[in-house]
Every structure is written in C-alpha cells, then in structure tokens.
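In what follows, every chain begins at residue 1, and chains take the letters A, B, ... in the order their sequences are listed. Note that the structure is predicted; figures quoted are calculated from it, not measured.
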Amino acid sequence: MASSADVRVEPATPPEPVIKEELLPLFRQMLAIRRMEEAAAKAYAQGKIGGFLHLIIGQEAICVGAIACLPPNDYVVATYREHGHAYAKGVSARAIMAELYGKRTGASKGLGGSMHIFDRETNFLGGYAIVGGHVPIAAGAAFASKYRSDKRVTLCFFGEGSATIGGFQEGIALAALWNLPVVFICENNQYSMGTPLYRSLAVEDVSMRALAHGMARDRFDGDDVLRVKRRIQTAVDRARETGEPTLVEVRTYRFRGHSMSDPGLYRTREEVVEWRTRDPVAFARRRLVEEGSASEEELEEVEASVKAEIADAVRFAEESAAADDYLSYVYKE
Amino acid sequence: MASSADVRVEPATPPEPVIKEELLPLFRQMLAIRRMEEAAAKAYAQGKIGGFLHLIIGQEAICVGAIACLPPNDYVVATYREHGHAYAKGVSARAIMAELYGKRTGASKGLGGSMHIFDRETNFLGGYAIVGGHVPIAAGAAFASKYRSDKRVTLCFFGEGSATIGGFQEGIALAALWNLPVVFICENNQYSMGTPLYRSLAVEDVSMRALAHGMARDRFDGDDVLRVKRRIQTAVDRARETGEPTLVEVRTYRFRGHSMSDPGLYRTREEVVEWRTRDPVAFARRRLVEEGSASEEELEEVEASVKAEIADAVRFAEESAAADDYLSYVYKE
Amino acid sequence: MPVISYREALNHAILEEMERDPDVFLMGEEVGHYQGAYKVSQGLLQRFSERRVVDTPIAEMGFAGVGVGAAMVGLRPIIEFMTFNFSLVAIDQIVNNAAKIYQMSGGQFHIPVVFRGPSGPAVQVASQHSQAFESFYCHVPGLKVVAPSTPYDAKGLLKAAIRDDNPVVFMESETLYNSTGEVPDEDYLIALGVGDIKRAGEQVTLVAWSKMIELCVEASEVLAADGIEAEIVDPRTLRPLDTEIIVNSVRKTGRCVIVEVGWPVCGFGAEIAYRVQRDCLDDLDAPVERVTSDDVPMPYAANLENEVLPQVKDVVAAVRKVLYLE
Amino acid sequence: MPVISYREALNHAILEEMERDPDVFLMGEEVGHYQGAYKVSQGLLQRFSERRVVDTPIAEMGFAGVGVGAAMVGLRPIIEFMTFNFSLVAIDQIVNNAAKIYQMSGGQFHIPVVFRGPSGPAVQVASQHSQAFESFYCHVPGLKVVAPSTPYDAKGLLKAAIRDDNPVVFMESETLYNSTGEVPDEDYLIALGVGDIKRAGEQVTLVAWSKMIELCVEASEVLAADGIEAEIVDPRTLRPLDTEIIVNSVRKTGRCVIVEVGWPVCGFGAEIAYRVQRDCLDDLDAPVERVTSDDVPMPYAANLENEVLPQVKDVVAAVRKVLYLE
Ligand SMILES: Cc1ncc(C[n+]2csc(CCOP(=O)(O)OP(=O)(O)O)c2C)c(N)n1
Ligand SMILES: Cc1ncc(C[n+]2csc(CCOP(=O)(O)OP(=O)(O)O)c2C)c(N)n1
Ligand SMILES: [Mg+2]
Ligand SMILES: [Mg+2]
C-alpha cells in the first residue's frame, strides 16, 4: 500500500518567475484550448458531435507547457484526450473542430473523430484510444530518430490509469534499454474514469515506474504552465543531447467528467471546487496582471482574438462538407 | 544503462550453517532432479522424447530450497523449465518421465509434455510456455486464497528474461495493489535463450521491479540450497501472515543450453567452467561431509537410492502405454 | 411477465448466480464503485461488497489471467471487459490459458470462467472501438461463445454460462442494453448450443445473432409487405453452433442469408455458409448470401458509419437476390 | 537455377532488401547475435551491425509497437515473431494500430511494416506452441497476409511484402525451413494477391497454402495412381485473396477440397468455401470439403499429434468423397 510519503508531491516548488513575453502566448494557447473544448461540449450537447468526447479542461498547462519546448519537427503522441495536444502542436482549431464534427475538412478527414486526430504537417502522430497502446508507438518514433540520428525528440502523453498496462510497461522498458530520445509524460489527473489513485496504484507515485529501468524521472504540479515548460525542457534537452528517456509525472485535475457521458458522481463537489482554485488558465492570467504587468486591455484583446478564432473554427466546421471517402484509405496503393 | 552497483549481488552472504537433517533431504531432491534430467536428455537424444526439452541442471537449489518452505496445499506455478519444480512439489519421477515420453501414465496423460506438467494432487498448477503468461495465473490462485482466507501461499517461478513482458508486469502490479499472498521468484540464470542480461535489462537487478509497487524484495545467490530456503521462508511467512507479495531474485546459471536444440555458443567455456564450480548439488554434498559430518557411505546410499528411483522412472515411462485419449479433455461435461 | 431491459436481464443473471454460489465473483474496470461503465453491474457492489465485486486497474491481460488462475483453484469468476475491443490485449490469456489448461493438464484442471462485455460497434466510437471479434473466439477449441439478442436469452444464457465448467466468451451488445422484453422472475437457464427461431417463415432463412436480429426482424416486415416470409434463425450460442436448426430451416426454404455486424473476411458467417453448403447443397436454390459491414476500419463520421454498417435495405436486397427478384 | 532452402530464400530476401533500402531493418528476439532462433537471419548482424539487426527483450507488444511507430515516420521495419504463437500478446498492436492508422489518420500515415515468423504446428511442441492464426489476421481490413509454400515463393513474396506500403503479416512454416527448391539469383518480386497453380489437374481442385501444399502434392500422387488428377491451387497470399484463380479451377473441376493445418471452426478455409459456393454453386458437383486439424488444443504425444494433424490419407479420403467414390 502507498505510504503517506508517496501521495504527496515533493517538493512543492514555488511558481516560476513570470516573463510576460513567454507567458502571454502560453496563456493564449491554454485559453484557446479551453474555449475550443467548451465549444465542442456545446456542439456535443446539440448532437453535432457524436461518439466519445473527452475534455482536458483543467489540464491545459501540461500539453501547452510541454509542447512549447519542441521545435516543429519533434513528434507528439497522445491519447483520446488529445484536442489540446494537437492544438499546442500547431493543428488549427478549424481542423480539430471539423474533425469532431466528422467533416471532410477535419484533421483526419472525419474518419478519426475526437479520439483520433492526426496531423502529418505538424508531426502530431495522433490520438489513440487503446490505453497504453500508443506508448510503444512513441518509442518507435524515437527509435527512428536514433536510427537516423536526426536529433528529434518524441513526447508521449498518457494518464496515470495507463501506467500499469503492458503496452506502457514494455514501451518504457524498451526506451530505457535502447536509450531512445522520448519523454513520457503522465498527466496524473487523480482519476482513471471513476477510479481514484488508491484503487489503481499500489504506490501513488507513477514516476517511480522509472526506477526499475534506471530511467531519469521528475514529478511536479501542473498548475503553473511555466513550471511545466521549464521542467519538461530539462527532459527534452536530456533526450536530445544524450538520447536518454525520462518519465515525468505531472499532477493535475480534469474539471469535467471522464467523457461527456460521465456525470462524475465519484467526486465530491468540495474536491472539484478546491481544484478549480488551481485553474491553470486563471492562474496564468492573474500572474500576467500581478507579476507580468500585463494590462486588462491587452488581456481582453487576447480573449477577444481567441473568441474570434474559436467562433471561426465552429463556423468552419458547421459549414464544411460531410466526410465522404472511407474507401481510399484502407490500403495504400 | 545499468550502473556497476546494479550488476553485483549485494551483499555476498556466507552460506547458512549446515544442519544435516535439514540438508540431506534437500540434497537428495536436488540430486534426483539432476539425475532425472540427465536421463531425460539421454532419452531425448535417443528420440524417445520429442518437442522442446528445457533442463534446469545447475539451478536445482532454487526450486528445491523454495518449495521446501511450503506445506502440501500451497500452490506452485512455473514455466516450461519446470521438471524440478514439479518434482520438488511432490510429483513422482515416474509421472514426470512418463509425461516427457508422452505416455498415458504421465502427469498430464501425455497431452502436455515437458512444458506442461500439471498435478492437482500436489497443487502443482502447471508449467506454461508463453513467457509471462503464467504470472497473472499465479496472482489468480493467490486471489482465490485471499477470497477464501484459506491462508495458502502461491509461489510463481520465472526467468529474468520474463521480467519485462506485460503479463509479468501486470501480474505483479495486481498482486501488490490487492495484497495477494504470492512470492514471485525470478531465477536469474544470466541468459534469456542467447540473450545476456545487458541486452535485455536496462538495470540488471530484476528485484528493483518491486519498487514501483511498494512490494517487498530480496536478492541473493542460488548456489546454497539452505540460503534459498531461509530467504524464501521469510517471503512465504510474509505472504501467509500479512498477505503481502514479495519479488525475489535468485542469481543462478543453467549448465546446459536453453533447450536441447541450443548449442549455447553465446557463452565462453571459461564462463561455464567458472559457474560449474558453484554447482549447488556438489556444493551441498561437500558441505554435508565437511560440516554435516555425513559419511561417504550415507551419501552413497542416497545416491544409490536416487539412481534406483530414476531408473525405475525411466523403466516405467518406457513400459507405459502410449497416450490415447485427446478428445475427452477439450470441454468438461 | 415483467418487461425489463437487456441490461437488467444481465444484471439479474449475475445477481442471482452470485446469490446462489459464493464462489462466483465479478471483476473488471469500473464494475464496482462506478456501477459499471454501462451500468450492467448496477447495485452489485452494495449487495456483495468489494470482496466479490472487484474494481481493477486498466490491466486486461493481468485480470483476465487472475480470472483463469482463480478458476483453476475452484472459483467461478465473471471477468468483464469494458468492451471486447479491449480483449485483444488479454486474448493470449483466453486462447493460450483459459482454452487450453483443461486439455494440457490431461483433464485435471477445468476453467469455469466467463469473459463478458459489450461487443460490436456502438455509435461513432470510431475504428479502435467498433469491432466484433466473434470469429476470433469461435476459432478456438476449448472456448464457448455466446451472443444473445434479447433480454430473455441474455438472462438464461448468462446464468448457464456462469454455471458452465468451461471458459465462456459472452458477447453482449452496447446498442441492445436499453432494449426491453419479457423476462420471467423465476430462475431459468437456456442451454448453451441451442438455437432459436425468432420468426417463422417459408421462403428464405435469415441467420443472425445479437444486434443483427433486430435488423432482420425489421427487414422481415419490409419483406412480408411484399409477401416474402423470412424465417429468422438465432443460434444464440456461436460455439458450439446449433448447425441443425440452421440446416433444417434452409432445407425448408432453400435459401439462406447470413447477417453479421462485423467484417466480411473470415467472419463467423463464413463458417455458417460453409456448413450450409456442406449439409444442404442439393436444397439450395441460390448461393448462400452474406450481409456484413464493409471491409474497412470503422470511420467516425455518422454518415460514413451508416454506409459501413449493415442496414435493413441491405438485408432486403440480399433476400431479393437469393430469390432472384432482381 | 541454384537450389536453396526456404530458410535461405527468406534470408536472401531480407538481405537484398536491406542492401537496397537503408530504411529497412530487422527486429526481434534472438535475430542478431544468436543468428535467429531458426537461423533465418543468419549472418545479417555481421553484415549490417546492431543498428539494423536489433535484438529485443521478450516484449512482443512493445517491439511490435516500436515497429509501427518507426514505420509511421518512414522506416520499413521487419518485425520477427519467434513464432506466431507469441503474436497473440502483440495482436492489439497489429489489429488496432498497424491495420488502422492509415484509415484513422485520413490517409496521412501509412505503415510499411512486415510482421513475420513461423506459424503452425512444428513437431510435438504441444498446445501453446502449435497454432495457426491465419484467419485472425485475414479477418482484419488494413492487413495483408502471406503464407508461402516454396523457397521461390518465399523469396519473391517477402521482397514484395517489404516493399509494400501496408502492414503485411508474413506467415512462414518452421517445418518448411529446410525444404529446398530452385530460386534464381537475380532480383524478382511476386505480387501480393496473385495465386499459383502448383499442379494442374481436371477432376478436383485442392486449395492449400504453406506446409499443406506438400501434403496435397503427396496426396495428388496417390490419387494419380488411381487415375484421379487433382489441381493444386496455392493462393500464396491469403489477404487479398486471389479468388479468381480458385473459382476458375473449380469451374473446371466441379469439385473442391480445402486443406489447412489449423483448427476447423472459422479457419480461413471456411472463407474460401463460402466464396466458392457463392461464385460456383452451379458448377459444384459436390459440396466443398475441408481437411483441417482436429478441433482440439494440440496434444504433445507424437501418436496423438499425428491423429490431430491433417494427413495425406485425409486429403485422399476427402477427394474420394467429393468424387462419390465411396
Ligand atoms: C486497454 C483499454 N482498456 C480500457 C479502456 C477504456 N478506457 C478508456 S480511458 C480509460 C481511463 C484512463 O484513465 P487515465 O489513463 O488516467 O487517463 P485519463 O482518462 O484520466 O486522461 C479507460 C478505462 C481502453 N480505452 N483501453
Ligand atoms: C511471449 C513469448 N515470447 C517468446 C517466447 C520464446 N521463448 C521461450 S523461453 C524464452 C527465453 C526465456 O528466458 P528466461 O525468462 O530468462 O527464462 P529461462 O529460459 O532462462 O529459464 C523465449 C524467448 C515465448 N515462449 N513466449
Ligand atoms: Mg487519469
Ligand atoms: Mg534466463
């Protein structure tokens, strides 16, 4: 069973000093992801989006802070909860929203949907819906980088509930054994569907999975996007310079249910309220004002431009033609 | 990569003091397994045994010392290299040899063969040939013991090459999370087929796999059967009293090839010779004389009775009728 | 008779068997505190406690194997896969252990385990979540495979599966959970391996199971309007298959259309078609036809999903074809 | 033409393709320093170094997925399963990732990976090591499946598989590795999806692949002695299947026997039988017959293994049956 030492995040580091020029664009990205997913939730309620829709609202600082460390030709592999990761990697809100709508103009031409956004252009290697199954794929992309000595780095995102299944365990073991340039980022949002940490992990410190493989590890809170960026940068540099992988655990919380169909009855309102006080988007905004000497006007401008961007994306999705071709992509000629 | 600290067995403990009454029967069991497998190798060369034949010669102290800790109703789950484990659990040399010969009188009626010896009578839950696949089964037997509070303990044996695959990793994770009374015993014989440790393990200390799960661990040399018995006894007691699992790594060496078809070209003659000086059977015999004040006569008597037992087992296997029924055991009525 | 849902029928089957036999337990992801991802296990944790309703981490290979090991020593586990799409990471435990231990132990250890959960496409859950693996499991000796189409069958068959001494792969359908039907309160079993005629007819035999029975019933009404009476045969258990009930129907109608929700190549329908031509060649007035989904990974978009999945019109067209009506 | 073994033919195919294309690499258990568990990769490590001949730990799911990921970004991995029995722990990577990524990415990422290794029973390796999973992989859209029967076919098909831009499941046979045949030195390819007539005949069509071709050749000689000329059709590629070459033969002979080494229920032969009756019902003078192994997990004992596996006499008997000779 987990000792109390395991369940705390050590050490509770202070937020990183604010550099306005650095934080402002990250804030904008987080806000865009937040608004994009709110719009998606609305469209889902209206029946315009179907299937499963997993929102990352509350966790935006992780994908934004981590992917901000990457040049365009680095790779990102993610789960079914990947709208934010795709956006942070450079996939347009239009392409993402159109994919959720199942339109021909979607990132995956409407064939993949919310769980399977892919974009070759930005080296976004996709969202995957079999827990753990994408981890070896990330190791494979990193294997290719080592094979070609192209100095690219791969980021692989997953949830804490995915840290037990074989695909994950074999994937990190191979990355460690072969020194593959990949950073495994666990978004520990406290729940795997309705399962709290103590029912899925004997030790509630996922980063300890690295010890058996002599892999570098890190563990910290995901409320400060600048902290995420600094700490992931270290791991990315390690991967690029030494080829060594790192297992990073970032503690966070999803404000919504597991998917749109989950009422989230397994959490107390108090718990949710408490975590909402650590909203990474609001936190970044507050600090831009208090420590980054950003003016209300400036921020309202950003908010307005984000609003316009998402409104445009929704309009684009609404107006795009339905997906049509599902026969051309079974086999490549 | 493995730090040099990882590749050493810490700390090199002295052999356990000899108690003749305790060591003599263990010596006899080890010797019987040795002779039984030598006889099997001979029969294999004569074409009387087919398929794969994996010998445990050189590793006898582990199955004998570990299983000596168990009362009859405890469970044992093993791999395809399980003749010794079956014998130590109480399966007769006759039933084992007849199984290798594919005879009706074999432990598994000739249907299982060398890799699949099972015996309900002695709670030997079988030999399995898919690497890692038997580890969750062992956790399942232990789950049943916890479910019924029957205080039974399950021992699960596997090789160091099996410590990466998903079945193993998920199996130990569940045992740790649920506190299942099982002891996972890694027989680290330095090779997985032709693969040395450094090509299959980033950290050459398999017991460190326990850290991520807060599981108790132990690690020691497998040349002294008494040491094996003492150290495993601690883990067995822990499982029985607290229900907690343990991951134990025992360092050993197989004197023969991976299977009869493996010439073992990947090892130097020097290496094999060096390890043969640590032969657990010879070691036990030497100490019985030097420290256990056993007389040559006594030991020769033991050797003679072992010789007779194995000769009888071979005769039994030779004379038994061929397996006949393969249709009655597909579905249970 | 009380009318309940397919979901409730399954829930009652598990409840009754767990009350009957203390060795029966339920294990899987979200089966307990969450009351089941699809609420099939609603209320069972409260009734039986965490000892017998066991929530697991995401580790299908691990807990499927735990089920096999527990069954080996005498328990009767019900292992829930949140969906059968996830059974692929556990299939080695089902094929290499559950199905083989009875044989490879020379009959010493039998494995009374049930692997259950929803199978087949739901709605727009895309390629990795829209698969029907009946033929994988039907291929394997040592396994039994069940796929009920009604609440009545679901309850009687699941109870029989739980009492069966062999590993049973019990494939439900997410899109049937809310369907309702009459189910008696009293304890009843439906023997595995016995098919059922869901509709009597003289002109053509429709063979289908699980969700596809609904489709066939709709199609049969369309056909009836044209004076074509279809007989709908539901094997209910796919392995062992009630070949006789199918063959007898085809001997009578001389025409056979097999409808399945999954992929065409090596789908279970191919096995049925093989048996029908083997046993009824001289009775067949037309080749055995099959209606399946298209031979593609499932696209997400709703309009494309509809194109890929078997539709009533496809069944009607196949029937008209074997009747040489166009 | 030089005569070489099936093993050497595979080895040469890999060697030539690795020399041709620096993006091709070989990965698997014991493929390098050990020279291959069955010596198919003999000499490749020495020729190409550890960078391109990669020994792995025992982690099929992991390294199969590494192959998919590497293929996604442009490499052309050859992933060896020591035997296909072990592919079950990796099948999720093959079915849910390799086969689907091209479709679910809307055609953006294709997966040029080959999964290869021996398939089917060897000799007395018992139930967990004696399985033939052709029908599992043939069921899945997005995959191609190849099963060569001769050294010539093995080389030409493996080279084509390596150059194919789609995931190819390439199933060899351990019991064929030592079989020999003429193989030209020069570079040649055999197109995937094109079958081959291994023996011409007028009275009955035998459809088989891989190891079972040998059995059919032997049986055809026994039959010829009785004046029965069998035509042996080897599809070579199972998916996509060259249905035409089978159908044309059956149209000519009016009789069809399908021989496979694996289990009967939902074996690939059922799919072939379905297609034959669909396309040749009026040409069939007898029901399509199938010869398969018995419907049981493989027993270890040699005498029982022989009873379970298809034998020449079984093929002869099936042919005589479709000819109504008893
Ligand atoms: C192999 C497998 N088993 C089960 C599921 C169903 N499932 C989808 S997401 C999920 C929970 C994952 O939790 P976590 O890894 O913590 O990620 P989060 O959803 O919290 O981001 C489950 C059980 C699946 N997709 N794949
Ligand atoms: C899943 C799987 N992959 C590959 C194999 C083939 N295989 C059988 S034993 C073995 C080596 C196992 O080595 P180790 O675990 O160290 O046990 P040892 O043989 O040394 O006792 C391999 C690769 C297998 N049986 N199962
Ligand atoms: Mg989570
Ligand atoms: Mg070993």
Side-chain angles (χ1 to χ4, degrees), chain A residues 47-53 80 99-104 106 108-117 127-133 159-169 191-197 199-202 258-259 261-262 265-266 322-331, chain C residues 28-39 41 45 50 54-65 81-83 85-93 121-131 174 263 265 293-309:
Chain A
K48 293 172 178 173
I49 296 174
F52 290 128
L53 184 70
Y80 47 85
E99 187 60 34
L100 304 191
Y101 271 69
K103 298 301 183 77
R104 191 187 311 174
S108 304
K109 299 198 175 66
L111 300 181
S114 165
M115 303 196 290
H116 306 302
I117 291 168
Y128 296 83
I130 303 297
V131 160
E160 87 293 340
S162 311
T164 297
I165 197 162
F168 165 80
Q169 306 239 38
Y191 291 88
S192 162
M193 234 166 193
T195 304
L197 302 182
R199 270 209 306 273
S200 72
L201 298 168
H258 168 71
S259 70
S261 56
D262 168 30
L265 305 174
Y266 42 85
D324 52 355
D325 183 2
Y326 66 96
L327 297 173
S328 305
Y329 307 118
V330 182
Y331 292 99
Chain C
E29 292 154 13
E30 310 295 347
V31 296
H33 292 271
Y34 197 77
Q35 307 292 300
Y38 298 99
K39 302 290 174 275
S41 53
L45 175 74
E50 287 187 334
V54 185
D55 282 317
T56 69
I58 308 170
E60 283 80 0
M61 191 189 315
F63 66 75
F81 291 122
M82 193 176 282
T83 81
N85 296 287
F86 314 137
S87 72
L88 286 197
V89 292
I91 195 169
D92 175 69
Q93 287 294 335
V123 181
Q124 279 197 269
V125 292
S127 65
Q128 292 186 325
H129 278 54
S130 305
Q131 304 175 94
E174 182 188 335
W263 295 313
V265 182
S293 76
D294 290 354
D295 195 20
V296 303
M298 187 65 76
Y300 160 75
N303 58 314
L304 299 185
E305 186 174 54
N306 286 332
E307 285 188 52
V308 169
L309 289 173

Counting heavy-atom pairs under 4.5 Å with chain A, the top scorer among C:Leu88, C:Thr56, C:Val296, C:Asn85 is C:Val296
Sort A:Ile49 into side chain, backbone, both or neither according to what part of it lies under 4.5 angstrom from a heavy atom of chain C. both
With a 4.5 angstrom heavy-atom cut-off, which part of A:Asp262 approaches chain C: side chain, backbone, both or neither? both
Taking the side chain from C:Gln93 and the backbone from C:Gly62, do they hold a donor-acceptor pair closer than 3.5 Å? no
Residue part contacting chain A, namely of C:Glu307, when any heavy atom lies under 4.5 Å: both
Between C:Asp55 (side chain) and A:Arg199 (backbone), is there a donor-acceptor pair under 3.5 Å? no
Contact class of A:Met115 relative to chain C, heavy atoms under 4.5 angstrom: side chain
Which of C:Ala122, C:Gly32, C:Pro297, C:Pro57 touches chain A most, by non-hydrogen pairs under 4.5 Å: C:Pro57
Which bit of C:Tyr300 comes within less than 4.5 Å of chain A, counting heavy atoms only: side chain, backbone, both or neither? both
Applying a strict 4.5 Å limit to non-hydrogen atoms, the region of C:Asp295 in contact with chain A is backbone
Can any side-chain N or O of C:Glu174 pair as donor or acceptor with the backbone N or O of C:Pro121 at less than 3.5 Å? no
Among C:Glu30, C:Glu305, C:His129, C:Met298, which residue forms the greatest number of heavy-atom pairs with chain A at distances under 4.5 Å? C:Glu30
Tell me if a side-chain donor or acceptor on A:Ser114 pairs with a main-chain N or O of A:Leu53 at a distance below 3.5 Å. no
Is the backbone of A:Tyr128 close enough, under 3.5 Å, to the side chain of C:Gln128 for a donor and an acceptor to pair up by distance? no
Portion of C:Val123 that has a non-hydrogen atom of chain A nearer than 4.5 angstrom: backbone
Centroid separation A:Tyr266 to A:Tyr191 less than 6.0 Å: yes
Under 3.5 Å: donor-acceptor pair, side chain of A:Glu99, backbone of A:Lys109: yes
